[in-house]
Amino acid sequence: RQDGILPTTRLQMGFGIQVLVTMGTFFALAYVSTKYYLRWDELWAGLSGAIGLTFGLLLETLLLILRSNMPPPLRKQYPHLFVKAQQPETADG
């Protein structure tokens, strides 16, 4: 029996890598767009990159909360409704 949101080390590592990739993507997007698209200096590009990191972390946190609060599937909640009806045995065998 496994309890918790991320019960195994493999799931924990996978989620950690997913969070790092998301944060890095938001940092790069904010940094590059501020530096080259808006043509601001490196200080403001770094600050917007930090805001991108924060936004990526908040997004992953929100998604984890939503995933952990999902109700169990109906097959687990009401397994008796999904059992195939047994065929009555006939005299022919």
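Note that these values count all heavy atoms, side chains included, but never hydrogens, waters or copies made by symmetry.
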Hphob cluster co-occupancy, [X] + [Y], side-chain heavy atoms under 4.5 angstrom:
X	Y	answer
L6	I65	no
L43	W40	yes
V19	L53	yes
L57	F15	yes
L29	L59	no

Roughly how far apart are [X] [atom1] and [Y] [atom2], rounded to 0.5 Å?
X	Y	atom1	atom2	value
L63	Q18	CG	CD	8.0 Å
R75	L81	CZ	CG	10.5 Å
Y36	Y31	OH	OH	6.0 Å
K76	F82	NZ	CZ	13.0 Å

Side chains of V21 and I17 in contact at under 4.5 Å (non-hydrogen atoms): yes
Nearest heavy-atom neighbours spanning A45 and T34: CA-CG2, 3.8 Å
Over all atoms of both residues, closest heavy-atom pair of I5 and S68: CD1-CB, 3.5 Å
Under 3.5 Å: donor-acceptor pair, side chain of S48, backbone of A30: yes
